[in-house]
Participant: 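Let me begin by handing over the structure; questions about it come next.
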Amino acid sequence: MPNDAPPPLPATAAELRSRAAQRLSAVPSEAVFDPSRAPERGDHDLNPTSYPGFGEPPVTAQLRPAAVLVPIIERPAGLTVLLTRRTDHLPSHPGQVAFPGGKIEPGDRTPLETALRESEEEIGLEREFVEPLGYLDCYQTGTGYRVVPVVAIIRHGFTLRLDPSEVADAFEVPLAFLMDPVNHERHEREWRGRIRSYYVMPFEHRQIWGATAGMIRNLYERLLCPC
């Protein structure tokens, strides 16, 4: 295989564990807790000149630390990624597709603890079924968060119990679909007087976009890019 050829997509949990050990970070980015450090990735990736203030100390110092779980499930037909749809009445990002997660609270010892706690609260995913594999880059959102995505395999036997006050639905998307760059569409719209570019991954009748799509793009680059 040529040196610049992408590695094959992991098709099983065992293959994903092996790839994650090579490609994911073993510890969360220091940027999640260090106000002086700008997160490595963010909504500004596609808009380096359209987001005045991104990466500057006065802005990064105000970012709130958060963590999400990127749950990957082994099914007979292949690996899938578990996603949620937020309820329509939430004050922040109503109706949008998201990973389970939220703010890092004072009682959380690590970002992993946050991701596990929030997943239990939002969708009833018990931590005994979660096998953490590693971390993606810290992701800065346009709404003021620095988010650490925790990638994990979800063991068989789990049962979801959605919190109806936060989560309207939970669904699975094939990992192969999300890891195909053909499905990483770039869209544009006006935001705060400027044209903003962002990733959109349309799947069936759903639109995966914004920070969630940006984190999925980061997962693709970590797992499959030859660089």
Side-chain angles (χ1 to χ4, degrees), residues 16-17 20-21 23-43 54-55 57-73 81-87 89-94 96-155 157-168 170 210-216 218-219 222:
L16 182 60
R17 289 188 189 96
R23 297 284 189 114
L24 299 185
S25 299
V27 295
S29 167
E30 294 180 2
V32 69
F33 289 121
D34 186 348
S36 68
R37 297 177 62 125
E40 297 88 359
R41 304 297 297 267
D43 287 352
F54 265 113
V59 174
T60 57
Q62 298 168 12
L63 296 175
R64 293 160 288 182
V68 298
L69 189 70
V70 182
I72 301 177
I73 304 168
V81 177
L82 178 64
L83 291 161
T84 71
R85 185 176 69 81
R86 294 166 61 84
T87 56
H89 65 267
L90 288 174
S92 176
H93 305 295
Q96 290 187 13
V97 173
F99 290 118
K103 293 184 295 184
I104 296 178
E105 302 290 353
D108 296 335
R109 295 168 294 176
T110 64
L112 172 60
E113 181 69 22
T114 300
L116 294 174
R117 174 183 57 76
E118 288 282 349
S119 296
E120 287 180 329
E121 294 174 359
E122 291 182 8
I123 60 176
L125 179 60
E126 297 176 355
R127 62 187 65 197
E128 65 185 89
F129 294 99
V130 181
E131 177 189 342
L133 298 180
Y135 300 87
L136 298 176
D137 298 319
C138 188
Y139 191 98
Q140 178 175 341
T141 72
T143 52
Y145 287 94
R146 50 176 82 231
V147 184
V148 173
V150 183
V151 181
I153 290 175
I154 310 304
R155 293 194 298 104
F158 68 91
T159 300
L160 299 183
R161 297 179 301 278
L162 308 186
D163 178 355
S165 67
E166 292 192 57
V167 180
T212 301
M215 294 176 201
I216 292 171
N218 188 201
L219 179 65
R222 284 295 195 101

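For the single chain, residues carry numbers from 1 onward in sequence order. A quick note: this is a predicted structure, and the numbers were derived from the prediction, not measured.
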Participant: Pro100 and side chain to side chain contact (heavy atoms under 4.5 Å, CB included): which single residue from Thr84, Val68, Val70 fits?
Facilitator: Thr84
Participant: Within a strict 4.5 Å, meaning less than it, do heavy atoms of the Leu63 and Pro39 side chains meet?
Facilitator: yes
Participant: Kindly give the heavy-atom pair with the smallest separation between Pro111 and Val32, and that separation in Å.
Facilitator: CG-CG1, 4.4 Å
Participant: With a 4.0 Å cut-off, would you call Arg37 and Glu30 a salt bridge?
Facilitator: yes
Participant: What distance do Thr114 atom OG1 and Glu105 atom CD have between them, rounded to the nearest 0.5 Å?
Facilitator: 7.5 Å
Participant: Taking side chain to side chain donor-acceptor pair (under 3.5 Å) as the test, write out the residues that go with Glu126, two or more places apart.
Facilitator: none
Participant: Determine the minimum heavy-atom distance between Val147 and Pro149, stating which atoms define it.
Facilitator: O-CD, 3.4 Å
Participant: Identify the heavy atoms of Pro71 and Phe99 that sit nearest to each other, and give their distance.
Facilitator: CD-CD2, 4.0 Å
Participant: List the atom of Pro164, the atom of Thr87, and the distance in Å for their closest heavy-atom pair.
Facilitator: O-CG2, 3.3 Å
Participant: Of all residues at least two apart in sequence or in a different chain, which pass the salt bridge (charged side-chain N to carboxylate O under 4.0 Å, His left out) check with Glu128?
Facilitator: none
Participant: For residues Arg146 and Gln140, determine if any side-chain heavy atom of one lies less than 4.5 Å from a side-chain heavy atom of the other.
Facilitator: no
Participant: Looking at Tyr139, does the NZ or CZ of Arg41 lie under 6.0 angstrom from its six-membered ring centre and within 45 degrees of the ring axis?
Facilitator: no
Participant: How long is the gap from CG on Leu69 to CG on Leu112, to the nearest 0.5 Å?
Facilitator: 8.5 Å
Participant: Could I get the full list of salt bridge (charged side-chain N to carboxylate O under 4.0 Å, His left out) partners for Arg127, not counting sequence neighbours?
Facilitator: Glu113, Glu120
Participant: Judged by atom type as modelled, is there a donor-acceptor pair below 3.5 Å linking the side chain of Asp108 to the main-chain atoms of Thr110?
Facilitator: no
Participant: Report yes if the side chains of Pro65 and Lys103 come closer than 4.5 Å at any heavy-atom pair, otherwise no.
Facilitator: no
Participant: With the threshold set at 4.0 Å, does a side-chain nitrogen-carboxylate oxygen contact exist between Glu131 and Arg17?
Facilitator: yes
Participant: Can you tell me how far the CD1 atom of Ile72 sits from the CG atom of Leu16, to the nearest 0.5 Å?
Facilitator: 5.0 Å
Participant: Answer yes or no: is there an ion pair linking Arg222 with Asp137, defined by an N-O contact shorter than 4.0 Å?
Facilitator: yes
Participant: Ala170 and Leu82: which non-hydrogen atoms are nearest, and at how many Å?
Facilitator: CB-CD1, 4.2 Å
Participant: Where do Val148 and Cys138 come nearest, in terms of heavy atoms and distance?
Facilitator: CG2-SG, 4.4 Å
